[in-house]
Amino acid sequence: MAMDKTFDAAEAEARLYAAWVEAGAFKAGANASRAETFSVLIPPPNVTGALHMGHAFNNTLQDILTRWHRMRGFDTLWQPGTDHAGIATQMVVERELAKTNRRRTDFSRDEFLELVWEQKKRSRGNIRGQLERLGASCDWDREAFTMAGAPGDPGDTPGGQNFHDAVIRVFVDMYEKGLIYRGKRLVNWDPHFETAISDLEVENAEVDGHMWHFKYPLAGGATYTYVEKDADGNVTLEEERDYISIATTRPETMLGDGAVAVQPSDERYAPIVGQLCEIPVGPKEHRRLIPIITDPYPDPEFGSGAVKITGAHDFNDYEVAKRGGIPMYRLMDTKGAMRDDGAPYAEAAEIALAVARGERELGEAECDTVNLVPDDLRGLDRFEARKRVVEQITGEGLAVMTTADDPRLGGKPGDADQTVPLVEAKKIMQPFGDRSKVVIEPMLTDQWFVDAEKIVGPAIEGVENGSTRILPEQDKKVYFNWLREIEPWCISRQLWWGHQIPVWYGPESYSKELMRKGLSSDDLTVPFCAPTFEQAAELARKHYGVSEVVEYFENGAAFWNSDDEYHSRLTRSDVPDDRSDDFVMLARDPDVLDTWFSSGLWPIGTLGWPEDTEAMQKYFPTSVLITGFDIIFFWVARMMMMQYAVVGQKPFDTVYVHALVRDEKGKKMSKSLGNVLDPLDLVDEFGADAVRFTLTSMAAMGRDLKLSTQRIAGYRNFGTKLWNAFRFAEMNGVFADRRCTGSVQVVYADHTVNKWIIGETARVREEVDTALGAYRFNDAANALYAFVWGKVCDWYLEFSKPLFASGDKAVADETRATMAWVLDQCLVLLHPIMPFITEELWGASAERAKMLIHADWPDYQAADLVDESAESEMRWVIAMIEAVRSVRGEMNVPAALKVDLLQVELDAAGEAAWSRNSALIQRLARIESVTVTDAAPKGAATITVPGGTYALPLADIIDVTAEKARLEKSLQKLSKELGGLRGRLGNPKFIDSAPEDVVEETRTLAAEKEAEEVRLKTALARLAEVA
RNA sequence: GGGUCGUUAGCUCAGUUGGUAGAGCGUCUCGUUUACACCGAGAAUGUCGGGGGUUCGAGUCCCUCACGACCCACCA
């Protein structure tokens, strides 16, 4: 067999992967030879997504662990699959539609979902194909999908899991246990996607904003004396005012104000607490009045100390409003535009005024129908409305004024005599949707929540008591911090793509007339939660005492609590005339569940729960979860909570949290920055093994991971190095008579060189196992790199050359056998990290009983295989060669020139090492001959080795000054080291308190250094004689 | 505002219980020897961010300062 000079990754990878699949090498339990199991769940990528470097990293680590355990004979499962990713996927489809000027709402819900399923089908293969390119050894027969089994599923996911049923079942179960509830709450609303989102999906960012200061006039022109005092109680300002000053960054929300709040202790406003003031915007004839109340929330030191309260559009205000019974008026629609529904402003203002005066009370639903947006602002975008509101107030002279040189204005200082509205330029934190990137609006809507507080306990305890381990440790704190202050989790989304909530609503009470006449959405308030309509209908039948239940499907756009559309669908009675009156109508909640609710069930859902499957019994709880820190809250914490809540068990033994992949400059890779490295491009260029090895070698825990192509090229070279080591072995007949080898049996060797490399192999095997066992992937990679390149290639292969050429057949044969074994071990140990090139070499070098992927992982011990005398001998040989090479290099001895060496002095150990290995040394150091002498001649360069001195006669070429400088430099370095050693040894406290072995080690080292110092000094003295 | 982490060779980073600092890349010099120029041989470079402390001994532990990164957070 003639091997190519390099490994053709592009050609080989696909072929090898196909061979593994063909052989069923990835199947759960493949190659299992013991009862222990090892299971790992892939963090499911978005089904319509593409793999990025983070995925490449994450999956490389999983594959390493999987392959490692599989080779060790564990019953191994790597469970693959994808996530339906509600918003993200719906976004992809909507973007596609936009290309042809169509929108989601041009379709019925069912039609649209059909499009999404098609999209899902088209892109499903992408992720899998990409993972295959990386070499991921997932059990594809079990490939799962978080919406498998949902209505519309074409059933093209190979795994048999019905994820949808599992999700629905969990919802119903949690609902019945009171862990899930519905209610009107202030939630984060994404006006672009027109859905609620959870706290976690909001990203706060600092932006340039403004703070406006407005006057809220007191009702009926009332006045009061406004007094400001300094810290000592001295009056600094006293004036008559007919207004209260309010600061706001969001003037458009003034329209929904329900009150103005001040601190109970704030003396400035004490005279007017309880009075009414006027919102300075809206038609003059219908100016709304709101009460001035006290609440602990306002900070007297900030702004004017008075805060406007808009319960429906601000989270703080919401709390204040709840405490104070202040009405919360919703101002915007689902798109974030000012409401354009309901009665004209005049009517709405009338109602609000009555409420403010305490003449009327509003129920929650009723309050939501009151649209307090003035007619001229209705339908405007919220930011446009803000502009108009500011203009109107300012135009009316109700802005707080200041001089143009006021530094708070932020701009260029203006004329001190000129008066301008006080609009502070200010950095403000603004919430953005993590996917839509639009400004999030707090909105008062009906949503479903998981009462997370009730299920968080076991998730905290599980980590506290070590039942589940989180690595690195510091990430535990992040986990705890979040869980200990857990908030209700909003799980309903006003999307179409997702698991529809299994709740049907019926009317408050049953009446035949109502059924005939039709129902409005407000009438449908009694929930029936069940896995199917039939089961919900059964509940309703009993509840209402009727014999039949009719389900109404919503068709077009659906937004539960917003518009008339839904209402009309429900009232558009399709009930046939001949139907009896003995029925009740139910309508299903149109909302779907947060994607993370279903991915939170990934562990049990993929393993076939609620069935008591073999997979559940064997592989649950799973062994380890490998994931990035960015989804600790989104996913890890929720899986912990959910698994405990549903099956009462932890989902995994260990959570390994890895770093984020960044670009060379440390920037997060993102499409907008254009610094994204596509893993597939890199695989194309360098091969999957190189990419994998790079990621592995940089996987130090808990840091960022900066990726550069240079580094990948370096590890590609490493593969080539290994490849060429095999070429060398091949050429030397190492594999000539090998059939069906690859056994873990360690070869027996007699020769020092072979004994030595066997010991080194045992060492690296231990290092690799220890490192992988501790999730120190980089340690494993680096140990292998140093071993293969630095030991096997740099030394062992070089040593073998003279041995093969020696003519001693026994030694040559033994070396061949040893080399075959050592190289096999390299393949075995490297395989988890570099599966392709190793499998290729495995097949190319001999006929094998099994593919490398199923080869046996060795367990030989360094303690058994390291031969100390062989080791110290080889150490001396290497030191000797290096010393000669170093002097040659520094003295500019031509590389091609074979030199004659003089042995000035040498101890017995050196003598023995020399005599047994002279052939190796002479070859590698390019020494022609060695002559024993008592004293070095003049004009020789000195070479010191442990236990001896050599001289290199260079009469003609030696530069005495240069040699002197070289020796002095070495001496200087040595003296410094010796100084430290002697200092320590001279310190009685060190002798007393340091451990015995440390003291002993120091003594030995000092002795060696002293001996070398003597040699160098001798050499210098001789040089002085010459000069 | 709260929290976490980081600051080590020109660059990117290792450095597990404290024992006296390493790798890869880059740079410089030399080079074709039974695999490999995606190679080989050799060389240079660090007051381990500053200061203080504990210790016989600190890159490693403690305090403090500076700078940087990230996460969380409702100041109108």
Side-chain angles (χ1 to χ4, degrees), chain A residues 3 5-7 199 204 211 246-250 253 261 297-299 301-310 314-319 428-429 431 442 474-475 477-478 481-482 485 629-630 632-633 660 664 666 668 686 690 697-698 700 702-708 710-711 713-732 770 774 776 778-779 782 785-786 790 793-794 797-798 800-802 804-805 881-882 885-890 892-896 923-926 977 980-981 983-984 987-995 997-999 1001-1002:
Chain A
M3 288 174 67
K5 276 184 112 173
T6 55
F7 173 59
D199 304 346
N204 291 299
M211 191 153 82
I246 303 285
T248 180
T249 55
R250 304 196 50 198
T253 64
Y297 164 61
D299 174 4
E301 305 296 317
F302 189 86
S304 67
V307 184
K308 64 194 244 356
I309 300 302
T310 321
D314 181 283
F315 285 97
N316 289 314
D317 295 3
Y318 178 66
E319 294 304 322
I428 53 173
M429 290 300 275
Q474 72 232 28
D475 285 310
K477 289 182 197 163
V478 182
N481 284 344
W482 190 68
E485 280 162 51
F629 63 76
D630 50 333
I632 292 182
F633 304 146
L660 234 53
E664 282 173 82
K668 190 168 170 177
F686 301 105
S697 74
M698 304 190 6
R703 303 281 254 89
D704 292 342
L705 188 153
K706 291 178 196 160
L707 198 62
S708 78
Q710 237 182 3
R711 189 142 179 180
Y715 289 119
R716 185 264 328 267
N717 297 353
F718 174 63
T720 307
K721 188 78 182 172
L722 177 72
W723 183 264
N724 278 293
F726 272 79
R727 278 187 74 208
F728 171 81
E730 234 261 318
M731 289 173 187
N732 284 284
T770 304
R776 302 179 68 90
N778 53 320
D779 283 357
N782 295 337
Y785 185 96
C793 292
D794 285 349
L797 260 49
E798 293 302 327
S800 77
K801 290 173 184 176
F804 287 147
I881 294 168
E882 280 176 340
R885 280 174 175 175
S886 176
V887 172
R888 289 180 62 124
E890 286 196 54
N892 293 316
V893 178
R923 182 192 178 92
L924 296 192
R926 301 195 63 71
E977 285 169 9
L981 294 171
R984 262 188 285 164
N987 184 339
K989 282 186 180 172
F990 172 70
I991 307 293
D992 291 346
S993 29
D997 54 329
V998 172
V999 176
E1001 208 176 297
T1002 310

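Computed from heavy atoms alone, side chains included, the values below leave out hydrogens, waters and symmetry copies. Fair warning: this is a prediction, and the values are worked out from it, not measured in the lab. Chain naming here is simple, since letters A, B, ... match the order of the sequence lines and numbering starts at 1 in each.
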*Does a nitrogen or oxygen in the side chain of A:Asn717 sit under 4.0 Å from OP1 or OP2 of B:rC39?*
yes
*Is any side-chain N or O of A:Arg923 under 3.5 Å from a base N or O of B:rU33, one able to act as donor and the other as acceptor?*
no
_A:Arg716 (side chain) and B:rC38 (base): donor-acceptor pair under 3.5 Å_ = yes
*State the pairing partner of B:rA58; accept Watson-Crick or G-U wobble contacts with both distances under 3.5 Å, and report none otherwise.*
none
*B:rG40 P sits how many Å from A:Phe718 CZ, rounded?*
12 Å
*Under 4.0 angstrom, heavy atoms only, what part of the nucleic acid is A:Arg888 near: base, sugar-phosphate, or nothing?*
nothing
*Do A:Thr253 and A:Lys308 have side-chain atoms, one donor and one acceptor, less than 3.5 Å apart?*
yes
*When the distance from CD of A:Gln710 to P of B:rC11 is rounded to whole Å, what number comes out?*
14 Å
_Which nucleotide, if any, forms a Watson-Crick or G-U wobble pair with B:rC5, using both distances under 3.5 Å?_
B:rG68
*For the pair made of OH in A:Tyr715 and P in B:rC13, what is the distance, rounded to whole Å?*
13 Å
*asked:* For a quick check of understanding: with a heavy-atom distance under 4.0 Å over all strands, which category does A:Thr720 fall into, base, sugar-phosphate or nothing?
replied: base
*Check the angle between the aromatic planes of A:Tyr785 and A:Tyr715 and answer parallel, tilted or perpendicular using the 30° and 60° thresholds.*
perpendicular
*Determine yes or no for a side-chain-to-main-chain donor-acceptor pair under 3.5 angstrom, with A:Asp317 supplying the side chain and A:Thr310 the backbone.*
yes
*Ignoring the backbone of A:Arg776, work out which of B:rU16, B:rU33, B:rC72 is nearest its side chain.*
B:rU16
*Tell me, please, whether A:Phe686 has A:Arg716 positioned over its six-membered ring: NZ or CZ under 6.0 Å from the ring centre and within 45 degrees of its axis?*
no
*Please tell me which of the listed nucleotides, B:rC36, B:rC56, B:rU29, lies nearest to the side chain of A:Asn892?*
B:rU29
*asked:* Heavy atoms only, 4.0 Å cut-off, all strands: where does A:Asp317 land among base, sugar-phosphate and nothing?
replied: nothing
*Nearest-nucleotide wise, let me know which of A:Pro802 and A:Thr249 is further upstream toward the 5' end of RNA chain B.*
A:Pro802
*With both distances under 3.5 Å as the test, what is the Watson-Crick or G-U wobble partner of B:rG40?*
B:rC30
*asked:* Between B:rC36 and A:Lys721, counting only base atoms on the nucleotide and side-chain atoms on the residue, is there a donor-acceptor pair under 3.5 Å?
replied: yes
*Base, sugar-phosphate, or nothing: which does A:Pro988 touch, judged by heavy atoms less than 4.0 Å apart?*
nothing
*Just checking A:Asp299: base, sugar-phosphate only, or nothing, at a heavy-atom cut-off of under 4.0 Å?*
base
*For A:Glu977, answer base if it contacts any base atom (sugar-phosphate contacts may also be present), sugar-phosphate if it contacts only those atoms, and nothing otherwise; contact means non-hydrogen atoms under 4.0 Å.*
nothing
*asked:* Looking at B:rA73, which nucleotide sits across from it as a Watson-Crick or G-U wobble partner, both distances under 3.5 angstrom, or is there none?
replied: none
*Across the strands shown, which category fits A:Tyr297 at heavy-atom distances under 4.0 angstrom: base, sugar-phosphate, nothing?*
base
*Is the shortest side-chain N/O distance from A:Ser708 to OP1 or OP2 of B:rC25 below 4.0 Å?*
no
_Only pairs with both distances under 3.5 Å count, Watson-Crick or wobble alike; so what is the partner of B:rA23 in this structure?_
B:rU12
*Counting any heavy atom closer than 4.0 Å, what does A:Phe315 reach on the DNA or RNA strands: base, sugar-phosphate only, or nothing?*
nothing
*Counting any heavy atom closer than 4.0 Å, what does A:Arg885 reach on the DNA or RNA strands: base, sugar-phosphate only, or nothing?*
sugar-phosphate
*Check the distance between B:rC71's C1' and A:Lys477's NZ and give it to me in whole angstrom.*
14 Å
*Atom CZ of A:Arg926 and atom CD1 of A:Ile881: how far apart are they, to the nearest 0.5 Å?*
12.5 Å
_The side chain of A:Arg711 is closest to which nucleotide in this list: B:rU12, B:rC56, B:rA35?_
B:rU12
_Closest-nucleotide 5' rank along RNA chain B - winner of A:Gly714 and A:Leu797_ = A:Gly714
_Regarding A:Glu798, tell me which of base, sugar-phosphate or nothing describes its non-hydrogen contacts under 4.0 Å with the strands shown._
base
*Would you say the side chain of A:Asn316 and the base of B:rC74 hold a donor-acceptor pair, judged only by whether the two atoms sit under 3.5 Å apart?*
yes
*With rounding to whole Å, what would you report as the distance between B:rA9 and B:rA14 at their C1' atoms?*
13 Å
*Looking across every strand, which nucleic acid part, if any, lies under 4.0 Å from A:Ala725 by heavy atom: base, sugar-phosphate, or nothing?*
base
*Counting side-chain heavy atoms from C-beta on, which of B:rG19, B:rA43, B:rC72 comes nearest to A:Phe633?*
B:rC72
*asked:* Rounded to whole Å, how long is the line connecting atom CG of A:Asn732 with atom C1' of B:rC36?
replied: 14 Å
*asked:* Over all strands shown, is A:Ala805 touching base, sugar-phosphate only, or nothing at heavy-atom distances under 4.0 angstrom?
replied: base
*Could you check whether A:Pro442 gets within reach of a base, just the sugar-phosphate, or nothing at all, counting any heavy atom under 4.0 Å?*
nothing
*Rounded distance (Å) that lies between atom C1' of B:rC38 and atom CH2 of A:Trp723*: 14 Å
*What is the distance from CG of A:Asn782 to C1' of B:rU16, rounded to the nearest Å?*
15 Å
*Flag the pair A:Glu798 and A:Lys801 as a salt bridge only when some basic side-chain nitrogen lies within less than 4.0 angstrom of an acidic carboxylate oxygen.*
yes
*Could you give the distance from CG (A:Asn724) to SG (A:Cys793), rounded to the nearest 0.5 Å?*
8.5 Å
*Interatomic distance, A:Met698 CE vs B:rU12 P [rounded to whole Å]*: 12 Å
*Polar side chain donor-acceptor pair, A:Asn987 to A:Arg984, under 3.5 angstrom*: no
